[in-house]
Each structure stands twice: as C-alpha cells, then as structure tokens.
Amino acid sequence: MAKGRRLLGWAGILLFSGAASFYGIQAQGEKEPLKAAETERPDLIKIDTLAAYQKLELPPVTFSHDKHTKALRQDKQDCTTCHLVENGKLSLDYMHRKNTRAAALKEIYHANCIRCHMEMAAAGKKTGPPDGLCRDCHNAQPQIAAARLDAGLNQVSHFRHTDPKLVPADQNGKDNCSRCHHEYDAKAKKTFYAQGKEGTCRYCHLAKEKEGVKSLEQAAHLQCVQCHLDLDKRGVKDHGPYDCAGCHGAAAQARVARKNREWVAALPNKEVPRLKRGQPDAVLITHDPKWEEDRPGKPLLMDPVAFDHQAHEKYNDNCRVCHHASMEACEKCHTLIGAKDGEFINFAQAMHSLSSRASCLGCHSGQQAAANCAGCHKYISKSCRPEDASCRQCHLLSAETAIPGGATPSQICALKPPQKTALAEALLQARNLNPGTYALEDLPETVKIKALANRFQPSEFSHRKHLAALLKGIKGNTLAEYFHRDPGAICQGCHHYSPPAKEPPRCSNCHSGENLLARESNRPALLAALHRQCMNCHADMRLEKPAATACSECHQEKKK
Amino acid sequence: MATENSAVKKSLYTPFNVVVGVIFLVGVVITFLRFTKGLGAVTNLSDNNPWGMWISFDLLCGVALAAGGYTTSAACYVFGLKRYHSAVRPAILTAFLGYSMVVVALLYDVGRPWRLPYPFLVQAGTTSVLFEVGLCVMLYLTTLFVEWLPACFEWLGFQKPRDLIIRITLALTILGVILSTMHQSSLGALYLIVPSKLHPLWYSMYLPVFFFVSSIAAGLSMVIFEGTLSHHYLHGRMDATYLREHDDVVLGFAKGAAMVLALYFMIKVVGIAIDNKWNYLLTGYGAWFLVELLGFVGLPAFLYAIAVREQNLKLAKWTAVLTVLGIILNRFNTSLVAFNWQLPPADRYFPSWMEIAISVYLVTLGLLVFRFIAIRMPIFYEDPRYRQHVPHEGEEEEGPEFTEHKLHRHPQTFGH
Amino acid sequence: MLRRTFLGLLGAAGVGAALGKPARAAGNQHFTGYPESFGVLFDATRCIGCRSCEAGCNKVNELPPPPEPFDDLSVLKVKRRTHSWTYTVVNRYDIPGAPGPVFKKWQCNHCLEPACASSCFVRAFTKTSQGAVTWDGTVCVGCRYCMIACPFEIPTFEFNEPLTPRIMKCTLCYPLITSGKLTVPGCVGACPVEALVYGKRRDLLRIAHERFHDFPGRYLNHIYGEHEMGGTNWLYLAGVPFRALGMREDLGVVPAPELTSGALAGVPLVAAAWPVLLTGIYAISKRKDKIARQETAQAVARAVAQTQAEAEGKLKKAMTKAEAEKKAAIEREVKKALEEAAKPQSREGE
Amino acid sequence: MENQFYTLHDFLVYTKFAAYILMGLTLLGFLGFWLFLTGRDEDKEIH
C-alpha cells in the first residue's frame, strides 16, 4: 500500500506539473510587444562599451543623453561632470580615457552613475535608478527606441559657417576654411590646412575608425560639438547646437531648414554663392587624351559632352553627390577600361550606370521619380538603348561643334583644358531649352473614347488640357526642358512604343478590342490599356481625383 | 422515434421516465427543425467550421468508446482468455448500439442522409479516408449485428440459426478486429490532410496509430465502466458466472489498459520528437496538450497500475472513467480545439445547445435500447439451455432465477 | 456494387485515354498536372478594388443579389470570405509601408492536386483537363469533408437547405466556357485593369516572370500558387508579402493526395497481416489448451490404472484365504463322518 | 493501366480501387486457405 501511495504521489506530481506549466506558460504567452513608435528619442545611446572586451552579462544600458545634460545644467554642472578633458577637448568617453581595462571600466560606470543618482535622490531631485535596480538601466526591452536622423551640412548651412562673424577667420585672415578643413600629415602625425584641397569630411573620416583616422562620428562630435560649446562659452548668441536633438532631432532639423530658407532669402540675389575652390563652370567631358596615346592608330571616336558644372552645383546639396570618393575628376579613377581605384567601373559605366546616383543617367532617372515626371516615365523603359535620339541629347556630334570646320572626337579630346572649357561654355550657350511640341491647334481639343460604349456613353478626354498640364510640369525644370526639346517627345508618355509623330497610331492598333486569352505578350487589351494608362498616371502624379474606382467621373451611365 | 417517445410517455411518471420524456420531446422537435429548416437552423456550423459537435462527439468519440466490442471478443476468442467470456456479450451489444448511434447521428449531420450508401453503390472515392471509414463502419456494424444475433435468437428460441452463427464466431471476431483496426485508425487519418489547419502538436503522421491505440484503451475502459453501471441498474439480470467473473474482468482489463496507455503515452512523445515540435510545448496550446497527455494518459496509466497491484476495484473503475474522459478530450481537441487554430477567435466554433441536445437525445436512445435488450435477452447471463461456458470446478453455477431449468452440456462449438 | 463502381471509375481514370495519349505505365512517376490546363493570374499591384469581378461573377453564375450592391466599396473594410452566395470576394489590406491599400481577390484556386477531390468519398469533385475543379451535385452526400480538407477554406455549404444543400465554389466558369457562353471567366472579363488574366497556366507563369523582369522592384519574386500545395491553376503576384494579404505561406508544396495516400496504403497491409497474426495467436492459445487437456487426461488414466491394480491384489488374497478355509472345513467334516461310521461295528461280536 | 495519368489524384483513384478489391479477395482467400490448412486437424474442436 505504501508503494501504491508513492506511485499515486508521482502521478499527482505529473498532473501538477502539467497544470503548472499550463498557467505559467499562459502567463508568459501573453507578453505585449513594445510599441517603439510611442517613445522615440534622437538622444538614445546604447552603452555596451564592455562588449568590446567580453561577453555582456546583462543587456546594454539604454541611455538618454539629453535628459542627463538637461538635468546637469539645471544642477549648475556641465559636460565635464561626465567627460574628461583631453588637450582642451572633451573626451567622447564617459569619465575615462582610451585603453582602460574592462574591470576598471565597469567600476567607473557603476560607481559614478549610481553615485550621482544617489546624490541627486538624496538632494530630493528627480533622478535615475539607484543602486540595486540593475534591470532599470540594463533593460532588455527598453520602452524607448532610438530615432536619430543623420546630421550634416547642406549647401546653405555650409555657407553660413563660412561667415567670419560666426566662425572667426584663421591666421592668414582671408577666410575661415582652415577652422574645419584639414589634411593629415602622416609623417608629422599632425593635421594641416591645404588651401584649395578642401573636400568633404567623409573622404577621410569613414564610418569606422581606420589607421588612427577618427571615424566620422568621432570627428564630427569632437569638432562640431566642441566648437559649438566654445562659441557658447564665448557668449556668441548664434552658436550651433550641442545636444543630441539639436542636430539629430527632426524638429531641430526642420528649424534649421527654415532658418536656412530665411537666410537665403536675405541674400543679395537670393541664392547661395558658389564655393570658392576653383572648380570649372563648364566641363567638356571627353576621353582622357592619354587613353588615345596608349592605343596609337585606334582613335576612340567618342563624341564629347558639354557638362554644366555650375548648374549642377545648384541642384545638389554637396559635392559628394557626384564626387563620391574624392574631389578628383571622374576619369582619374574610372579609366577607359576600368582600374582598381575605380573598382574596375570603367568610364562609360561611371557615366551611364542606372544603379548609381553618382552617374549622370542614374541621377537623371532618379529625377524622373518626381510626381511631375512619374506619370509617364515610370512606365518608359530606362535601359539606355543605342538610339541617336537619346544619346545625341548629350553627346553632340563632334562635326557640329563650334570649332570652325568641325572636328573629330580625337581632335576635340586632344584640345588643351582651357580650350575645352571655352568650347563647353560655347556649346552650353548655344543650347535652346524650349520644349518643342506640335502647334496646339493641330492637336485635337478633346478625344471621344468609345471603348466602353456598350455600357457607358463615350467619355470625353480633354486631350489639350492634359498636354498643357504635362508641359506645365516641365516648365522651369532645366533637365526636363532640355530632354523634351524634340517635338513629340512629350507625347511619348501616352503614345508609347511608336516613333514620335503628330498623328500617332490609334491605341486599338496594338491593343486588342476585347479581353482575350493571355498568350504570348504581356500587352493589355484596349479596355485595360486605357484604364491603366489613365489610372496609373493619375496615381503616380498624385492626382487624388478622380478615384480609380469612381467610374461615373469619366463615364456617364448610358441612358436606356 | 415518435412511437418510442409515446411509449415512454405512456409508462409511469417515475423521475427517470420524466427526464427521458423531456429529452425525447426536445430531441424530436430539434430533429424536425433539422430536416425542415436545415443545419444552419440548429447548429453553429459555418463555412469555416464545417464539422462540429456531431462529428467530434457522436462519430469520433462514439466509435472510439464502442471499441470495447472488438477488444473484448478478441481477448476472449482469439487470445483464449476464456475468463472474460461473460464480458463479451455486453461489450458486443454496447458496440453494436454505439455504432448504430453513430450512423443515426450521421443521418442528422450529412446534407443528404439518404445518399449515405452512395460511396458504395454509385461512385467510390477510393482516395478518400472517409470512404475507408464509411466502408469499414458499414461492414463492422453488420458484423456486430451478426455477433449480437445469437443473444436475440436465444431469446426468441431459434436454435438452428443461432448455432450457425456461433460456429463462425472466430471468423467474425477476426473480421471485427480487422475492420476496427482499419477505421479506428482511419478516423485519425481523416485529419492527415489538414496539416495547415490542425495545430502541430496534434497533427502528426502518427495520427492513425494514435487513434487506434487510444481506441483500445478506450474500449477496455468502457467495458469496465459500462460493466460498473450495469451492476448498478441491471444487477438482477446477471447470473453467478457474470458476477463471479466480473471483478476478474475488471482487473484483467485494467492491466491491459495500463499497458496500452503506457504505449500510447510513449508514441505521443515520439510523435512530438520526430517532427521536432518541442517548442510548441511552451505555448498556451502546448500547456493544454500537456494537460491532455499527462493528466489523461499518463495519470490513468499509473492509476490503473496501482489498482492492479493492489487489486483495488474501486480505483480501477474510477480510472476507467478518467481514461474514457481522456479519450473524449483527445477527440474533441483533435477535431475542435486544435482544429482551425489559425482562425481568429471570432471565427471559431462552439456547439449550439441544440447540437448538444441531439447528442444527448441519441445517447439516451442508445441507453434505453440497451436496457430494453439487456432486460430481455441473455446478455449478462447465459441462457442455461445454451450453456457453453465451462464453469470452474466445484463451483455452484446457477443464476439466481433459473433454478427450475435442467442443466445440460451443449456440444462444444467453434471458438470455444 | 463493384461493377458499377468499376465502370464509374474507368470513366474518371479514362480522361487520359480521352485525350488519346499513348499508353504509359503509371508507376511511381511524378505527376505534373494537365499540360494544357488554363488558369488565372492575379496581380495585386494592379487591382484597384472596384469589385467589378465580384459583380461579373455574380452575373454570369446567376447568384443571388448580394446584401450590399457591388458599387458599395465600404464592405472592403471588413474582411470577408466566400459563401454559398458568393464565389469570390475582394478584400482590402492597409499595409504599413505600402504606398496605398492593397487588394486581394480570393476564390477557389483550382489546385493541380485538389484536396477536395482527394477527400471526397463519392468523387463528386473532378479536376478537369481544362484546369477547373468542378463539383457534381448528383452524387454529393453533403459530408463536408471537402471543406475540412481544403487548405484555402474555399468550398462552402448551403447550411439553410434542409434536404438538398449544395457545395458552392468557383468553377472557373468551366460550364460556361465549355458551352461557349464565355471565352474567359466572368471575373476576368469584368476586370477593368487586367489585374486578372486568363490563359494557359504555363503561359501565365512565363508572363509572371516577364513582369518580374520588366518592373524591377515592383514585385516580390514569388508566384503564389506555382508550388503551394503542389501548385494551383490560380496564380498570384504581389508587391507585399502574401502573408500580409491573409494568404497562408506555410502550406508547403506537398500535394494533398500525398498526405493521406500513405495511411491508406497501410490499410491493405492490415487486411492481409491481421488474419495471419490473429489466427496464429488463436492457434497458439488453442494448442496450449489442448496440451493442457491431454496432460490432465493422461494423469487421470494413470491414477485409475493404479487403483485398479491395488484392488485386484486385495481380491486375490481374499480368495486364496477363503479357499484354504474351505478345504480345512471339508476335511474336518469327512473326518467326523468316518468316526461316526466306525462306532456300531464294534458292538455285535460277544 | 491503359491510361496515362496526369494527376496524382487520378492515379490514386485507380490504384486504391484495385487495392480495395484485392483486400476483399485477400480476406476471402485467407478464410479458404485457413479452412484448407486446418481441414484435417484431428482436433475436432476446429471446424
């Protein structure tokens, strides 16, 4: 019987464990996932310094930097409470220098953070978790998520920084470029200013620290934040931000943008002056003459492209957009057949690659995503086809260049730089930017579309109005104006897949009348072709009305 | 049904009769609704949940719990465990009535009841597990009917046909075991086609095996359980042999059930292992699965073992109840709780009171018929005129109310 | 029964023959479905959610008028499913990150290996060589196992029909197309933007891949229905994960019939093995009894013989003893008689 | 087996049907065989 009791006991345990797991797991199963959207802060820092040394025992600490700076400011303390000062600059680390041992680090963080919290608490001030509550800081599922926007200077901000009233001029007194821009002398292990060699920080300061060159993050914070702090100390009113949200917060960036606009509006001719770095106004893009010398008797026969460097400076926020790796000319790295420096992307690819924003075509096709353009261009194949029509838009026939008597590509390629520049300027001057189209009176005012005549009355398509709308979208956009010069180019959006003509083929010439079996082609039947042409264009040009499902807006019900 | 109903009505107003009368009244009304207004009017079935209470309880549980028929007869006639002989006829009768109830329930459930034989008469969907189930149930029901006939014939006094059937007992038994194996397992195989709808913990390539093995446990437990009930209500109809052997039967079956449950437990675990579904155990469904597995398979296995070790009849009988409940739980889990688990709660199914009422109605019907037969026909006793059971030496072997009969040995017959 | 079933069955299995294909042993080959079958390609990036397909379907199939008119687009807000009065529904999905709402048309996918057909025990469902999966009301019993089996939850049932409920689902307009009333299914014909395209399945697959190529970044590189559940004749393209459109991505590629064929293959084994096993066990138990009985019989016989022998021994002794006593008694009597006779002779001589 | 089967379903319909027929035959056949096997058992208890 005793045995039996024990067995019974076992059975009981079985059942109990079953029940226990049931409730325990039920409880666990119903854990709510945290909603990041609610509390997103730009000043969130994940403190996992120890991770570089060892496996973390507890989850990293989620640290709100601005909260702390604010609290300290109210407490009449400053950055030095937490950051040591190394040769006049605040260290980015928390109360320690480089190469501190792991054990010490741990101690530094715990001792100082907790001490401060305790003191504040003792002083009856609102503060962070005290000793003992590890998980309050080492929180595996923090309720706040980092929402840090990239900070940086755009054209306007950069130019504002060049104002000596803000940033004092340097020793040579002319300007203040040297305050930020510098080169590194590897031998002397020091930085120096090289006039006319200024580039963007990112050329040297990469995402990660490399061969002693600080990472962009370190450089930016050491340079910008320090400077802003000093300005503030010197009592300059318009010092820049030095809290996280000031640069990385959405609100602050919006504020800066507004300020920039006002600032530009206040400028003499309402636009930001060009950078003073000796860059050309116009460039005649040809092959590097060396390439032809390398292959005697085999000229490359590529017609030149006149490139409006000055205009493109306006279109882009900074030089990096095109000069992605250095301020050098493209052909320096992107050689005829490609070289290691250019990652073996040859000259042609560098100019024409659709996948890169740094290439001409890549950037231009990117522009086509704008609402004004997308209606047509989203459905026009972007792959560059070897048609004179498109190539000749940029590659002007050498023979027709302004050189008296014409010239061959090789001759143009061999011109001296100043001559090239002059030629480029001349060619740009000669360009006409008026979008040409057929005389409106030759085009139908409206078109009756009877495709759905069986169900609806024919719908009136206001042909000229649509054309006008498209032209309006082009107006003032040099890129668009230049590329829509040829008559009929603009018509291609709707009258596609057939050469431009004043009287293009009818839709029904290609689109079968009724919804037939899908066989070889992906070509829609008339019904769908018309609907999709209209609906997609309206959708892509962000025209709310008429809604795609509002039949009656385009079709009147047939009267019985 | 109506006649049965009125018959009950006519009888005296004992509480039993009143309850039964009410159940029947409700049952008849709902039946009328079902066949005039359609399934939608009486059930909570929907396009997402095409199968409900009537399949889960009446079909799945019904068939599983009627497994006593083949287990007992196999034990007695095939495995030669003669001492269970007295348990055979009650088990057969239970099984027969159980399956009949299943078929009646199907008449309610399917859209066009009169077409039930179509799969065999008109067009056979041989790829369907349901075809296999239907075929076996049909054949097995017939088998059970034949197996039950002797009792009927003895009651009516038809000597010749009765002997004829007795001769082929072994064949019938084996046929019964085959058919049962097939359709008990196929009931599980029904759900093999829905890996995407049945919760992974319950879905397994072993489903047929699970259903078959558990049906054996269910059958054995049902014999114990239903024997206990009969003891209560039909004690007067039992002869000395039955009463003497009853305890023996209970403990013997308890032992068998214990082993089978242990096997069932193990293959369930293996089923989780081979599909590597352990992680599901850490969810709500997993907990529920553990409750079923530990509380209604593991626990009864233990309790049976204890009961056997200590010759504890009471415990054995209560464990039988637990086991039966466990099988019912398993069938409900497989067909309702874990089925369509991917649906949002709003789309899930819960039976309407009318569905439950019909099930109760059918069970009651079954019980009444059982009672009717058990009172009149030699189920719990052997009609001395056909006495074939070899009594143990030196034991008084006279049923309480048959002293006047002159005992005479009946020639040994097939299967005995 | 067998004969009729057999005939009916030849009918079904004879589709291949009807197509006049050369005889081929159908061993354990890989089945790829009817090569010429038709299907529909749905493109979620084109669908504008106008419900024209629902209207078209309702019209050509002469289904009852819907609770809400088809131009009422407010119904798209709530998630709907097909019912016995609607073969197809369009649902709207507002997906975070997607430019606008995405719509999905849902109806029978007309599997290459239909679960409904595999699960039906009267073969009411037929996978036609045209691609459509059709239902035959003349044999359906209304068991609703097809609804259980369908991984897409498509077949619906007329729950309010007391005695003649039908299974209702999209027919791919098979009857209308074969009878020439339509050239393409009603929904496809009604679509104003060709979000639906009807054609041979292989053409549709090619077209789908062409679209992937023509509009890079517009689609997820997955044709739903190409492999799901062994493939379906209805194919789907989308720019968002199909999961987000309420479509199961965890169905796997195993065709439904394969899921149960294994278990069914076990059935004949049982039928063959059990009798052997059980009769075997029976014979063994039987033999045990027999031997037991024989042993008892012998024991009894031996006992009897012994007792008999003893009894005879006793008898013999008793007999001999009796003999001896008898003899003695006789002699005694004779002696006595002689003595008696000698006495009178001696008295006469004095 | 004269047809080419395009779908696994058609194939199974055909083969499973054959399987069912064979199953029936198996059972009957086995019964016959058993009787033949035990026909001469002196043990008259088995008929």
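Below, read A as the first sequence line, B as the second, and so on, with proteins coming before strands; counting in each chain starts at 1. Quick note: numbers below take in every heavy atom, side chains included, and nothing from hydrogens, waters or symmetry partners.
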In a table with atom names and distances, give each donor-acceptor pair under 3.5 Å that connects a side chain of residues 250-261 of chain C to protein atoms at least two apart or in another chain.
residue	atom	partner	partner atom	Å
Asp250(C)	OD1	Arg248(C)	NE	2.9
Asp250(C)	OD1	Arg248(C)	NH2	3.4
Asp250(C)	OD2	Arg248(C)	NH2	3.0
Thr260(C)	OG1	Pro257(C)	O	3.4
Ser261(C)	OG	Glu258(C)	O	3.3

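Residue contact with chain B, scored on non-hydrogen atoms closer than 4.5 Å, involves the backbone and the side chain of Leu163(C) alike. Only the backbone of Cys120(C) comes within contact range of chain B, with heavy atoms under 4.5 Å apart. Neither the backbone nor the side chain of Ala273(C) comes within contact range of chain B, judged by heavy atoms closer than 4.5 Å. With a 4.5 Å cut-off on non-hydrogen atoms, Leu343(B) touches chain C through its side chain but not through its backbone. Of the atoms belonging to Ser84(C), it is backbone heavy atoms, and not side-chain ones, that fall under 4.5 Å from chain B.
Using a 4.0 Å cut-off between charged side-chain N and carboxylate O, Arg81(C) and Asp347(B) make no salt bridge.
Checked by atom type and distance alone, the side chain of Arg144(C) never pairs as donor or acceptor with a backbone atom of Asn49(B) at under 3.5 Å. The main-chain N or O of Phe157(C) is found under 3.5 Å from a side-chain atom of Asp47(B) such that the two form a donor-acceptor pair. Within the 3.5 Å criterion, the main-chain N or O of Asn48(B) finds no donor-acceptor partner in the side chain of Glu153(C). Side chain of Arg112(B) to main chain of Gly142(C): no donor-acceptor pair is present (N/O by atom type, distance under 3.5 Å, no hydrogens or angles). Counting only distance, with no hydrogens or angles, the side chain of Arg115(B) and the backbone of Cys140(C) share a donor-acceptor pair below 3.5 Å.
For residues 196-205 of chain B, the interface with chain C (any heavy-atom pair closer than 4.5 Å) comprises Ser196(B), Lys197(B), Tyr203(B), sorted by residue number.
Note: Phe79(B) CZ to Leu278(C) CG = 6.5 Å, rounded to the nearest 0.5 Å. With values rounded to the nearest 0.5 angstrom, Leu130(B) atom CG is found 7.0 Å from Tyr145(C) atom OH.
Ranked by heavy-atom pairs under 4.5 Å with chain C, the list Cys136(B), Ser128(B), Pro113(B) is led by Ser128(B). For the set Ala189(B), Gly188(B), Ser46(B), the entry with the most heavy-atom pairs within less than 4.5 Å of chain C is Ser46(B). For the set Ile174(B), Val78(B), Leu192(B), the count of heavy-atom pairs under 4.5 angstrom toward chain C peaks at Val78(B).
In this structure the side chain of Tyr282(C) never reaches within 4.5 angstrom of the side chain of Thr173(B), judged on heavy atoms. Contact check for Val133(B) versus Phe121(C): no side-chain heavy atoms found under the 4.5 Å cut-off.
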